[in-house]
Participant: 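Dropping the structure in here first, questions after.
Residue numbering restarts at 1 for every chain, and letters A, B, ... go by the order of the sequence lines.
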Amino acid sequence: MRNVILTKEELAEAIEYFKKHDSFVFDVETVGDHRGVPTQNQVTWISMATHGAAIAIPMGHPNGNVLLSKATRKKNKETGKFDAIPAVWDAPPAQLRPSQVFEALQPLMFSERRKIGHNVVFDLVSVAKYYDNHVPTRPYGCSLVASWLLDENRLNGLKPLIVATYGHKYDNENVGKKVEIHPFSKAARYAILDAKYPWLLWNRAVPQLKSEGLSRVMSLELQVLETLLDMARTGAPLDMEALHQLDGDLTNELEDITSRVYQAAGRIFNVNSTKQKSEVLWGDQASGGQGLAPVNLTPGGRKKKRERAKPTIYDYSTDAEALKKFNGNPVVDALLDYQEVNKLLSTYVHGYLGVASEGNKPSIIFNGRIHPSFQQYGTVTGRFSCAKPNLQNVPAPNTELGTKVRGLFVAPQGYKLLVADYGQIELRVMAHYLGRGAWYEGFFAGTDAHTATASAVYGVSPEEVTKEQRNNSKTLAFATLYGAQAETVAKSMKSTVAEAEAFLDVHRRTMPEVYEFRDWLIARARKQEVPHIRTILGRKRRLPDLVHGTSWIREKAERQCLNSLIQGSAGDLNKMAVVRMGHLCRQNPDWLNLSLTVHDELVVHCREDKIEEGSKLLQQAMIGEGIQGVLSVPITADVKVCDRWSEAK
DNA sequence: CGCGATCGCGCC
DNA sequence: AAAGGGCGCGATCGCG
């Protein structure tokens, strides 16, 4: 069999070989402005691997192997910048067309054979476009998800993983990043290795997952993966009219604020530059600065100080917290306004719409929808991450501007958004593990958790708890989950450090179970050969630093220990809910679609005539039998019916 | 130009 | 020697 497939006959022969095996890896190389967006990209190579074979099928690679002229740069007389002139190669060999290739592959792609990839969601969604939006059928395998479960601390992609596992460094030139500028045989070699290594990795990982007791969580992740295939194609519709309106409004507003900044500062500077901001704020008045006395060092500045170097004005933070100390200074006030508006405009408006003037940054909205990529392997704790764009950090609707941005996300025509979130899921997970005490009993009694804390800590009945007492108790919950110390607690409570310390002491006395559990958890984790904890579904969080010789490193690992158990277990529950809702949506694809998930929240599209049924199903997915049973304390989920995402909460 | 580090900041 | 967990991303800046 040939490695590089150029004719129908060669392809037919290869397919016959692959048909003899019950699983195979496939990998796509993509081109186009949106090569990274699987619903939009164009596939120019598909490579495949199975027992004893690895092939690459080009479908429009533009280059041959003979270099006719080198890549260079040429100064553009108009802009004064350098334009990249790509290399020119001779003509490539005659290749099959995508339609021919995908038709021939159909019996493999839509068979019961396992389709494996390294980040297989991307490859599956990329090829679905060539099958009339039908995704190749299950079962699937993902060497990236498997590798991540086996070592969540290494989120570095395929290449470092291959170096670590096989000691083979391939693709020094980053061919996959821009396959179309490379010569034919180099692209072919790269494509083949990109299939071969995932094949090796997957087959190595499966028995390891079993022996490490990770099969259950792997099977959950494979179900998550199936749901992500639907979510990737559903995406999230935007109110385009409102988006353009917001673009105009914020652009105008920012212009006004910018001139306010300049006027107050008495000079024109780049407001986005932290360096220049430092000069304006901390520089002395003789040199045109405000002469303010900086307080907080940046992390880099602290490092410098540690290394006994003298910090300069550039080592002091210019973030909002630092600026707030100088409220009333006209430069500071204008800067704070600027930062708020600029953040939202650049990240959430220009980030989606693109900017023609700024290097032709393309829009990532397609047919009125945005298609974020949820990465099930994106965090060390087991939660999802989300990118391109990250819809897990869309401003919350607690400010006017936040409401406007979140309000851009709307239901499709004829649909409503069902937005459901778990109530205090992390504290409930914590209470589950504690099995006693104010939190545990509070959740059974239906008392608000922070009120229950306040009642215990202040020794009053729940009815007598004041707003301030409840707020302080909320801080205690965060302090527990994150491992915050007195300084941070003081900041949060707006009290002195001594008061915060006393408060923490009272907490330690009145809710000893919290601290006893933390100590027990850390001690047990430390005893393992590789120190680790397991989340509620058995996911591992490896914390080798729990036995580190340096105390601050060890203490950081100790904070991560409890936090990972809680955050990771809550993440497990969320992934279960995603899977359960995914199943229900697949049963009712013409009126129910899962769109987004944000850690403890699901956003679903539901056709207007099916709201009641949809809400019931969502409720069932999140807290029904089979998921409630995972925790010993009751869990709650609140379903809201909205036209805009901002209407929830 | 491309890349990575840094700062800063949005969310849960 | 540090001082609250987990993310992604825009902008700047220095480097090769």
Participant: Using whole Å, what does the distance between atom P of nucleotide dC11(B) and atom CG of L401(A) come to?
Facilitator: 11 Å
Participant: What is the distance, rounded to the nearest whole Å, between atom CG of N393(A) and atom P of dC7(C)?
Facilitator: 14 Å
Participant: Does A293(A) offer a backbone N or O that forms a donor-acceptor pair with the side chain of Y316(A) under 3.5 Å?
Facilitator: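 Checked: no pair found.
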Participant: Please tell me which of the listed nucleotides, dA11(C), dC11(B), dC12(B), lies nearest to the side chain of P395(A)?
Facilitator: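 Within the option list, the nearest is dC11(B).
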Participant: Does S564(A) have a side-chain nitrogen or oxygen under 4.0 Å from the phosphate oxygens OP1 or OP2 of dG5(C)?
Facilitator: no
Participant: Contact class for E487(A) (heavy atom, under 4.0 Å): base, sugar-phosphate, or nothing?
Facilitator: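 Nothing, no heavy atom under 4.0 Å.
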Participant: Quick one: L476(A) CG to dG4(C) C1', roughly how many Å, whole number?
Facilitator: 13 Å
Participant: Do side-chain atoms of S317(A) reach the backbone of N296(A) as a donor and acceptor pair under 3.5 angstrom?
Facilitator: no
Participant: Tell me: CG of N296(A) to P of dA3(C), nearest whole Å?
Facilitator: 13 Å
Participant: Would one find a side-chain N or O of K649(A) under 4.0 angstrom from OP1 or OP2 of dC12(B)?
Facilitator: yes
Participant: Is the base of dG8(B) touched by the side chain of D319(A) through a donor-acceptor pair closer than 3.5 angstrom?
Facilitator: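 When only heavy-atom distances are counted, D319(A) does not reach the base of dG8(B) through any donor-acceptor pair under 3.5 Å.
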Participant: Counting neighbours of NZ on K303(A) that are heavy atoms of other residues, nucleotides or ligands and sit closer than 6.0 Å, is the number greater than 12?
Facilitator: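 Counting other residues, nucleotides and ligands, NZ of K303(A) stays at 12 neighbours or fewer.
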Participant: Which whole-number value in Å describes the distance from L336(A) CG to dG10(B) P?
Facilitator: 11 Å
Participant: Less than 5.5 Å between centroids and less than 30° between ring planes, does Y482(A) satisfy that with dG5(C)?
Facilitator: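 Yes, Y482(A) stacks on the base of dG5(C), since the ring centres sit under 5.5 Å apart and the planes are within 30°.
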Participant: dC7(B) phosphate, OP1 or OP2: any side-chain N/O from T298(A) under 4.0 angstrom?
Facilitator: yes
Participant: Could you tell me how far apart K343(A) (NZ) and dC11(B) (C1') are, to the nearest whole angstrom?
Facilitator: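 Taking NZ of K343(A) and C1' of dC11(B), I get 10 Å after rounding.
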Participant: Could you tell me whether the phosphate oxygens of dG10(C), OP1 or OP2, come under 4.0 Å of any side-chain nitrogen or oxygen in S346(A)?
Facilitator: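 The answer is no; no side-chain N or O of S346(A) sits under 4.0 Å from OP1 or OP2.
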Participant: Counting any heavy atom closer than 4.0 Å, what does A570(A) reach on the DNA or RNA strands: base, sugar-phosphate only, or nothing?
Facilitator: nothing
Participant: Taking the side chain of R302(A) as its heavy atoms from C-beta onward, which of dC3(B), dA3(C), dG10(B) lies nearest to it?
Facilitator: dA3(C)
Participant: Tell me whether the NZ or CZ atom of K575(A) lies within the 45° cone about the ring axis of F384(A) and under 6.0 Å from its centre.
Facilitator: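 Pair K575(A)/F384(A) counts as cation-pi.
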Participant: Heavy-atom nearest nucleotide on DNA chain C for T550(A) versus T381(A): which residue maps closer to 5'?
Facilitator: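 Of the two residues, T550(A) wins.
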Participant: Which nucleotide, dC3(B), dT12(C), dG6(C), lies nearest any side-chain atom of V380(A)?
Facilitator: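 In terms of side-chain proximity for V380(A), the closest of dC3(B), dT12(C), dG6(C) is dG6(C).
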Participant: Is a donor on one side and an acceptor on the other found under 3.5 Å between the side chain of Q276(A) and the backbone of N270(A)?
Facilitator: yes
Participant: What contact category does Q339(A) fall into here, base, sugar-phosphate, or nothing, at under 4.0 angstrom with non-hydrogen atoms?
Facilitator: sugar-phosphate
Participant: Determine the Euclidean distance between corresponding P atoms of dA1(C) and dC9(B); express it in Å to zero decimal places.
Facilitator: 29 Å
Participant: Output yes when at least one side-chain N/O atom of Q276(A) is less than 4.0 Å from OP1 or OP2 of dT12(C), else no.
Facilitator: no
Participant: Closest approach to the side chain of D600(A), judged atom by atom: which nucleotide of dC12(B), dG10(B), dG5(C) is it?
Facilitator: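 Nearest to the side chain of D600(A) among the choices is dC12(B).
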Participant: Please determine if a side-chain N or O atom of Q485(A) lies less than 4.0 Å away from the OP1 or OP2 oxygen of dG4(C).
Facilitator: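 Negative; the distance criterion is not met.
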Participant: By nearest heavy atom, map F478(A) and T274(A) onto DNA chain C; which one lands nearer the 5' end?
Facilitator: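 Final value for this comparison: F478(A).
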Participant: With respect to the phosphate group of dT12(C), does any side-chain polar atom (N or O) of N270(A) fall under 4.0 Å of OP1 or OP2?
Facilitator: yes
Participant: For dC13(C) and S273(A) - does any side-chain N or O of the residue sit under 4.0 Å from the phosphate oxygens OP1/OP2?
Facilitator: yes
Participant: Do R559(A) side-chain and dG4(C) base share a donor-acceptor contact under 3.5 Å?
Facilitator: no
Participant: Given the structure, check if the side chain of R383(A) and the base of dC7(C) hold any donor-acceptor pair shorter than 3.5 Å.
Facilitator: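 By the distance-only test, no, there is no pair.
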Participant: Look at all strands and tell whether R554(A) reaches a base, only sugar-phosphate, or nothing, counting heavy atoms closer than 4.0 Å.
Facilitator: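 No contact.
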Participant: How many angstroms lie between atom CG of L345(A) and atom OH of Y338(A), to the nearest 0.5 angstrom?
Facilitator: 9.0 Å
Participant: When Q567(A) is tested against each of T535(A), D572(A), T381(A) for side-chain hydrogen bond (donor to acceptor under 3.5 Å, both in side chains), which residue passes?
Facilitator: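 The single option meeting the side-chain hydrogen bond (donor to acceptor under 3.5 Å, both in side chains) with Q567(A) is T381(A).
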Participant: Kindly point out which of dC12(B), dG10(C), dC3(B) is positioned nearest to the side chain of T347(A)?
Facilitator: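 Nearest listed nucleotide: dG10(C).
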Participant: Looking only at atom types and distance, does a side-chain atom of H371(A) sit under 3.5 Å from a main-chain N or O of A232(A), one as donor and one as acceptor?
Facilitator: yes
Participant: Looking only at atom types and distance, does a side-chain atom of R369(A) sit under 3.5 Å from a main-chain N or O of G235(A), one as donor and one as acceptor?
Facilitator: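 It does not hold such a pair.
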Participant: What's the OH-P distance between Y348(A) and dA11(C), to the nearest Å?
Facilitator: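 Result: 13 Å.
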Participant: I need the NZ-C1' distance between K277(A) and dA11(C), as an integer number of Å.
Facilitator: 10 Å
Participant: OP1 or OP2 of dG8(C) versus the side-chain N and O atoms of S385(A): is any pair under 4.0 Å?
Facilitator: yes
Participant: Please enumerate all protein N or O atoms sitting under 3.5 Å from an N or O of nucleotides 14-16 of chain C, with distances to 0.1 Å.
Facilitator:
unit_1: dG14(C); atom_1: OP1; unit_2: K275(A); atom_2: NZ; d: 3.0

Participant: Hey, what's the ring geometry for F478(A) with Y482(A), parallel, tilted or perpendicular (30° and 60° as the breaks)?
Facilitator: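 Judged by the thresholds at 30° and 60°, the geometry between F478(A) and Y482(A) is tilted.
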